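Have a look at the structure below before the remarks.
Note on naming: letters A, B, ... go to the chains in the order of the sequence lines (proteins, then strands), and numbering restarts at 1 for each one. None of these values were measured; they are calculated from a predicted model.
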Number of protein chains: 2
Amino acid sequence: MSSDLTARARIRDAAIELFAERGIDGATVRDIAQQADVSSGLLRHHFGSKEGLRDACDEWALSELTKISGQFTEFNTLDGLTPRVQQLQRYLIRSTMDGSPTGAAMFDRMLEFGHQWLGTTELKVADPEAFVAVVAVMKMSLFTMRDLLSRALGSDVTEPVTWARMLQATLDLFSQPLITPEQALQARAALDRLTAGEEAS
Amino acid sequence: MSSDLTARARIRDAAIELFAERGIDGATVRDIAQQADVSSGLLRHHFGSKEGLRDACDEWALSELTKISGQFTEFNTLDGLTPRVQQLQRYLIRSTMDGSPTGAAMFDRMLEFGHQWLGTTELKVADPEAFVAVVAVMKMSLFTMRDLLSRALGSDVTEPVTWARMLQATLDLFSQPLITPEQALQARAALDRLTAGEEAS
DNA sequence: CTTCCGACTACACGCTTGTGCAGTAACCTA
DNA sequence: TAGGTTACTGCACAAGCGTGTAGTCGGAAG
C-alpha cells in the first residue's frame with residue numbers, strides 16, 4: 001500500500017501508527033523499524049534518536065492536519081474525519097498526553113479557539129476557563145478512549161459507519177440539556193455547600 | 001502518614017499511586033517497592049508478580065469504591081469526591097485503559113447504569129448504545145486528562161477548589177444545549193449526507 | 001576510473017526491566 | 001527450647017531497551 005514511499009516516510013508512518021496504538025514508550029524502535037521494513041539503524045540515521053523521531057512525527061502530524069483543515073483544532077465540526085485524519089489526531093493527542101510540547105501547543109490552540117467560539121454563543125458560563133478546558137478534553141476523549149468505545153459499540157470506531165454513530169451521539173448530547181433546571185439548581189447548591197465547607201476548614 | 005500500615009498494604013497503596021501517575025508499564029516494581037519502603041523481593045513475595053499486584057490493586061480499588069458509594073459508577077453526581085476517592089477512580093480508569101478485565105467490567109457497569117438513567121429521562125436519543133458510551137468516556141476524560149486540565153486551569157485539579165471549578169463547568173455544560181437547533185439540524189444533515197455517500201461507495 | 005557521500009545494515013555495548021532464588025530474622029506452636 | 005511457617009532482604013539472571021559504530025552498497029561528480 002505505502003511501499004512505494006521513501007524509507008524515511010515509511011518509518012514516519014509506521015511510527016505514527018505504533019505510537020498512536022501503544023503509546024510512545026510502548027512502541028520500540030525495533031518494532032517501528034520492522035513495521036517500516038528497514039533496520040533499526042536506519043531509523044537512527046534519519047531521525048537521530050527515538051525522541052527525534054517523535055518530534056518529527058509531531059511536527060508532521062500537525063502540519064498535515066492544518067493543511068487539511070486550516071484551523072483543524074475546530075473539531076467542533078466533527079465530520080469529515082477520514083480514518084487517516086482520525087489516526088493523525090489520535091497520534092497527536094497521545095503524544096500530547098505523553099508530554100509533547102507540540103501537543104501542548106495544540107491544546108493551547110484548542111483552548112484559544114474554544115474561548116473564541118464561546119464568545120459567539122449566548123451560553124451562560126460561570127467559569128469560561130474551566131468550561132472551555134472541560135469541553136476540550138471531552139472532545140479529545142473520543143480519541144483517547146477509542147478501544148473502550150469500540151468495545152461498547154461492538155465495532156471499531158475507525159470504521160466510518162461506527163464513527164458516524166458517535167458523531168450522531170455527540171450531536172444528541174450537545175443539542176439538548178442532559179439534566180433539568182431543577183437538577184442543575186440542586187447540584188449547584190450542593191456544590192456551593194461543598195466549597196463553602198472547604199474554605200471554612 | 002501511612003507508615004503504620006502493613007507492609008502489604010503500603011505496597012498496594014504505593015502501587016495504586018504510581019500506577020495511576022505513570023501508567024502500569026511506566027511504574028517499575030523497584031519504584032513501587034522504594035515508595036513503600038520495602039525491598040522489591042517482598043513485593044514479589046506478597047503478590048507473586050507485577051501482574052498479580054495489579055490484579056490485587058484492581059480488586060481492592062473496586063471494592064473500596066463500591067464500599068464508599070454503593071453504586072459508585074454513578075458519578076453522574078460528580079460531587080463528594082475526596083482526593084482519595086479521586087485517586088482510586090483515576091487508578092481504576094488508568095488500569096482499564098491499559099487492558100484490565102476488572103476495569104472493563106467496571107466500564108460495562110457504567111454503561112448499564114447509563115442506560116438505566118437514560119430511561120428515567122425524556123431525552124431524544126437516536127442511538128442509545130452510542131449515546132451512553134460517549135457520555136461515559138467523556139466523564140472518564142476528567143480523570144484521564146488530569147494533567148492537561150491542571151495545566152489549563154493553572155492549578156492541580158486534585159485540589160478540591162479546582163475540582164469544584166470543573167464540576168461547575170460540567171454542570172454548565174450538561175444543563176444547557178451547546179448548539180442551537182438550527183446548527184444541530186444542519187450538522188445532522190451533513191452527517192446523513194456523509195453516511196449516505198459511504199454506503200453508496 | 002576514482003572519489004565521495006548519503007542510504008542502509010549488522011552487531012555490540014550499557015542500562016533497566018521483571019523475575020528467580022538462596023538466605024536471614026521474627027514469631028507462633030508444641 | 002526446638003521446629004516450622006511466614007515476613008523480608010540481597011543478589012544474580014535473561015531479556016529487551018535505546019544507542020553507538022564500523023562497514024557495505026550504489027549512484028553522482030570530478
I need the full list of salt bridge (Lys or Arg N to Asp or Glu O under 4.0 Å) pairs touching [range], with sequence neighbours left out, sorted by first then second residue.
range: residues 159-180 of chain A; value: A:Arg165-B:Asp127, A:Asp172-B:Arg188
range: residues 142-151 of chain B; value: A:Asp108-B:Arg151
range: residues 90-99 of chain B; value: none
range: residues 110-119 of chain B; value: none

- Nucleotide by nucleotide, 5' to 3', does protein get under 4.0 Å of the base (B), only the sugar-phosphate (S), or neither (-) in nucleotides 3-10 of chain C, counting heavy atoms? ----BBBB
- Pairing residues for B:Ala164 by the side-chain contact (heavy atoms from CB on, under 4.5 Å) criterion, not counting sequence neighbours: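 Expected list: A:Thr195.
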For residues 15-23 of chain B, run the donor-acceptor check on the side chains, cut-off 3.5 Å, and write out each pair with its distance to 0.1 Å, sequence neighbours left out.
unit_1  : atom_1 : unit_2  : atom_2 : d
B:Glu17 : OE1    : B:Gln35 : NE2    : 3.3
B:Glu17 : OE2    : B:Gln35 : NE2    : 3.3
B:Arg22 : NH1    : B:Asp31 : OD2    : 3.0

What N/O pairs connect the protein and nucleotides 16-18 of chain C at under 3.5 Å? Give each pair on its own line.
unit_1 : atom_1 : unit_2  : atom_2 : d
C:dG18 : OP1    : B:Lys50 : NZ     : 2.7
C:dG18 : OP2    : B:Val29 : N      : 3.0
C:dG18 : N7     : B:Arg30 : NH1    : 2.9
C:dG18 : O6     : B:Arg30 : NH2    : 2.9

- Message: Going by salt bridge (Lys or Arg N to Asp or Glu O under 4.0 Å), name the residues that satisfy it together with A:Asp55, two or more places apart in sequence or in a different chain.
- Response: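 A:Asp55: no salt bridge (Lys or Arg N to Asp or Glu O under 4.0 Å) contacts found.
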